[in-house]
Amino acid sequence: MNKNEQQQKMRETAARLLDAGEAAYVIGFGETRFPEKTSILFAHNAEEADRFVWNDACVQSLAKYLLEDRFADYRVGIFARGCESRAINRMIKDNQFKRDHVHILGIPCEGVNAKRCASCAVHNPVVYDELLWDAVPEPNPETARFARAEAVEAMGPEERYAYWSDVYSRCIRCYACRQACPVCSCRECYVDMDRQGFQGKRHSVSDNQTFGVTRAFHVADRCIECGECERVCPMGLPILGQTQKIIKDITQLSGDYQAGMNAEDGNFLGAFDLDDKDDFM
């Protein structure tokens, strides 16, 4: 099935869902006047569903938009690739909404025109109500998932410090990364708290580093590696690469760790076991 056929399948499925009243609206991708870009489309009826598109410009993650209507008493439909499905599982685990709040239309995906797709480890949705077409081959386990983390690890101490100093000298603290992240779901972010000496508001490398590292640890064991943080960053900072460094360390400690593979996933960094192998535990 080519992308045009897949697009038609998406439109027909969404129209059926809406006509049957099984969802109040369906979240997907719509076209813009720029052929290389798409927008987020909320279709409320079959006519609007006929505007859904599916192509290599569908780079945004749709999952975050579920949080806009998390307390509604109706179901919301959403197209979900591997990344979105993992985000949905993670949001359910974080009690953002109930599983029966969302009707998941699974769409297997081998990648679109997005940088993050190069390190994608899950091409097929891990949870869905309907799978719209056949599953695609999953990436080779030897994929370059942690390539950027390993490149930084290979640097010497001085080179690594210079690298991160350069990165955070360019951060403008716009918090676009936080706003786009599907697992940044705190009611009040710590950087917005008015507490003396808690987190500086000035633009300085040290305060920017504090924000970046703290946020990375906040989401590391819940990050589903969708790369939205990096996609929306106006300064092009390697935000996902930094978080993947922590995920890589988690993986080395516990085996293959991928957040959001099911809705029962725990919080690795917030749990311990008396049988942990490290002597200091």
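Predicted model only: the values in this text are computed from it and were never measured. Because only heavy atoms are used, hydrogens play no part in the values below, and waters and symmetry mates are left out as well, while side chains stay in.
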> Between Arg222, Lys93, Arg86, which is the residue that forms a side chain to side chain contact (heavy atoms under 4.5 Å, CB included) with Val183?
Replying inline: Arg222
>> Does Lys248, at its NZ atom, have more than 12 non-hydrogen atoms belonging to other residues, nucleotides or ligands within less than 6.0 Å?
In response: yes
> Judged by modelled atom types alone, do Glu228 and Gln60 share a side-chain donor-acceptor pair under 3.5 Å?
Replying inline: no
> Can Ser39 and Glu31 be counted as having a side-chain donor-acceptor contact under 3.5 angstrom?
Replying inline: no
>> Using ring centroids (six-membered ring only for Trp), state whether Phe71 and His101 fall under 6.0 Å.
In response: no
> Do Val127 and Phe97 sit in the same hydrophobic cluster, where Ile, Leu, Val, Met, Phe, Trp and Tyr count as joined when their side-chain heavy atoms come under 4.5 Å apart?
Replying inline: yes
> Taking a hydrophobic cluster as the set of Ile, Leu, Val, Met, Phe, Trp and Tyr residues connected by side-chain heavy atoms closer than 4.5 Å, whether directly or through intermediates, do Leu41 and Leu66 fall within one such cluster?
Replying inline: yes
> If only atom types and distance count, is the side chain of Ser85 paired as donor or acceptor with the main-chain N or O of Gly82 below 3.5 Å?
Replying inline: yes
> Any donor-acceptor pair under 3.5 Å linking the side chain of Arg170 with the backbone of Met235?
Replying inline: yes
>> With side chain to side chain contact (heavy atoms under 4.5 Å, CB included) as the test, pick out the partner of His123 among Pro139, Pro108, Cys109, Cys83.
In response: Pro139
> With the 4.5 Å side-chain cut-off for hydrophobic clustering, are Ile224 and Leu62 part of the same group?
Replying inline: no
>> Quick check on the hydrophobic clustering: are Ile172 and Val213 connected, directly or via other members, by side-chain heavy-atom contacts under 4.5 Å?
In response: no
> Atom CZ of Arg16 and atom OG1 of Thr13: how far apart are they, to the nearest 0.5 Å?
Replying inline: 5.5 Å
> If only atom types and distance count, is the side chain of Gln96 paired as donor or acceptor with the main-chain N or O of Ile92 below 3.5 Å?
Replying inline: no
> Should we say atom OH of Tyr128 is surrounded by more than 12 heavy atoms from elsewhere, each under 6.0 Å from it?
Replying inline: no
> Does atom OH of Tyr161 have more than 12 heavy-atom neighbours from other groups under 6.0 Å away?
Replying inline: no
>> Whether the side chain of Gln244 engages the backbone of Phe146 through a donor-acceptor N/O pair (distance < 3.5 Å, no angle test) should be reported.
In response: no
> Side chains of Asn55 and Gln7: is there a donor and an acceptor less than 3.5 Å apart?
Replying inline: no
> Any donor and acceptor pair, going by atom type alone, linking the side chain of Asn208 with main-chain N or O of Cys171 inside 3.5 Å?
Replying inline: yes
> Does any donor atom in the side chain of Tyr25 or Asn45 lie under 3.5 Å from an acceptor atom in the other side chain?
Replying inline: no
> Near Asn113 CG, under 6.0 Å, is it more than 12 heavy atoms from other residues, nucleotides or ligands?
Replying inline: no
> Are a donor atom and an acceptor atom from the side chains of Tyr175 and Arg173 found within less than 3.5 Å of each other?
Replying inline: yes
> Using 4.0 Å as the upper bound for N to carboxylate O, is an ion pair formed by Asp100 and Arg75?
Replying inline: no
